[in-house]
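None of the values given here were measured: they were computed from a predicted structure. So that the names make sense, note that chain A is the first sequence line, chain B the second, and so on, each numbered from 1.
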Number of protein chains: 2
Amino acid sequence: MDTVKERDIESIEARRTREGYNVFSRLPAVYAASRTQGQHLLQIGGGLSIVEWRTLWDLREVGPMTIRDLALIQRSDHSLLSRALPDMRRKGYVTMSRSKEDGRQTIVALTQKGRDAYDRAAPTMARRRAALREVFTEQELVEFVGYLDRLDAFLRMPIEEILETNDA
Amino acid sequence: MDTVKERDIESIEARRTREGYNVFSRLPAVYAASRTQGQHLLQIGGGLSIVEWRTLWDLREVGPMTIRDLALIQRSDHSLLSRALPDMRRKGYVTMSRSKEDGRQTIVALTQKGRDAYDRAAPTMARRRAALREVFTEQELVEFVGYLDRLDAFLRMPIEEILETNDA
DNA sequence: ACAAAATATATGACTTGTCACGTATTTTGT
DNA sequence: ACAAAATACGTGACAAGTCATATATTTTGT
């Protein structure tokens, strides 16, 4: 006697497969995996957080800059930095000083200790990027980023424009 | 008399441009934008959270299933669902019952109220997908997802494999 | 038949990110 | 020159994720 199943495994698998083609469902998972991988690699490379790593890297590459500059480069909200930086100062990685040119701004600069922390993490993170380039050709990466660009543009479109769309 | 600038704007812009080609830096921002757009649209479509929307949608498409099934479809950690579901039950969107086939499992099922909430949000969310298809061709979306697949695979590679990479 | 291993769920602790809003400072328009 | 607008930063409140670990139940191997 066939009892009615509580769940339909075939439907479930079909749904998972189908959702695999939905960019909006894939993005969270891919991003989460990227974050997790980054965190693991940073753990190996000295224990920095992702925000700390990005910030040290940016400061290392361009020199002192404001919180807003960092947020722009990292394409994130300034509040994320605003919260992370005092901690980084406490750890001795950066200094923060009021700008003389514009009293609203805070100039963030790398210290020697920050440079050291960067140097410990950098080789691991460079290896990650090298590993990525073994899996994707230069050409493919450009194309991939092209898609990300276009998706980004779509995601920042005014909401009304999306709501005006005719359903197919 | 030329004072030394506190920050080098050209370097900052160059850095931002350069990081624009780094998949690992783009991903967080693109994902965040996707989340924000989703939240806005859901706000318009009745005020569901993203997790709630995904869950109602999945239940609507496949019928009752376990927490693990939902997590697998959504490619997320089960704990996310484990935390969200009691709230959804409280709101009357779903029922949760212990499975008779396997006492460890919880069977989650949609209620009429859940179906109603889904129906309120669905048109807006469908319009979003339609709008995306106006910006990307079917072919391009397949290619885009292909890149996401490959990146996903890379991100889930054992860490040692990445560390063994020869730097270029 | 039962001990050991595996699986499903719950929960605490944490990170990354957003938005909204308040305050201080600078810029702009008249 | 000064009021109004814009900008930079800080902070509270929240969402969406992760991992680790604990408990209950089921499955497996002998």
Parallel, tilted or perpendicular: ring planes of Phe144(A) versus Phe136(A), cut at 30 and 60 degrees: tilted
Atom-to-atom span, CG of Leu81(B) to C1' of dA16(D) - whole angstrom: 12 Å
Between the protein and nucleotides 20-22 of chain D, list the N/O to N/O atom pairs that are separated by less than 3.5 angstrom.
none

Whole-Å distance separating the CD1 atom of Ile159(B) from the P atom of dC19(D): 11 Å
Min side-chain heavy-atom separation Leu70(B)-Val108(B) under 4.5 Å: yes
Given dT25(C), dA16(D), dT18(D), the nucleotide with the shortest approach to the side chain of Arg104(A): dT25(C)
First encountered from the 5' end of DNA chain C, between Arg68(B) and Tyr31(A): Arg68(B)
Ion pair check, Arg90(B) and Asp87(B), cut-off under 4.0 Å: yes
Sugar-phosphate only, base, or nothing, as touched by Thr36(B) at under 4.0 Å among non-hydrogen atoms: sugar-phosphate
side-chain N/O Arg54(B) vs dG17(D) OP1/OP2, d < 4.0 Å: yes
Nearest-nucleotide pick for Ser82(B), side chain only, options being dT9(C), dG17(D), dG10(D): dT9(C)
Interatomic distance, Arg83(A) CZ vs dC21(C) C1' [rounded to whole Å]: 13 Å
d(CG, Asp102(B); P, dT26(D)) in whole Å: 6 Å
Asp69(A) or Gln39(A), whichever maps to the more 5' nucleotide of DNA chain D: Asp69(A)
Length of the line joining Arg75(A):CZ and dT18(C):P, which is rounded to integer Å: 12 Å
Residues Arg35(B) and Tyr31(B): side-chain donor-acceptor under 3.5 angstrom: yes
Distance below 4.0 Å between Ser99(B) side-chain N/O and dA8(C) OP1 or OP2: no
Over-ring placement of Arg128(B) relative to Phe24(A), 6.0 Å and 45° cut-offs: yes
Test item: side-chain donor near acceptor, Asp69(B) and Thr66(B), under 3.5 Å: yes
Contact nearer the 5' end of DNA chain C, comparing Glu101(A) with Ile67(B): Ile67(B)
Interatomic distance, Leu80(B) CG vs dT16(C) P [rounded to whole Å]: 18 Å
Ion pair Arg156(B)/Asp152(B), N-O distance below 4.0 Å: yes
Length of the CZ-P vector between Arg89(B) and dT9(C), whole Å: 13 Å
Bracket string, DNA chain D, 5' to 3' - pairs by Watson-Crick or G-U geometry under 3.5 Å, | interstrand: ||||||||||||||||||||||||||||||
Under-4.0 Å salt bridge between Lys91(A) and Glu52(A): yes
Minimum heavy-atom distance between Met65(B) and Arg7(A), given as atom pair plus value: CA-CB, 4.1 Å
Distance-only polar pair, side chains of Gln74(A) and Thr55(A), donor-acceptor under 3.5 Å: yes
Rounded interatomic separation in angstrom, taking CD from Gln74(B) and P from dT18(D): 11 Å
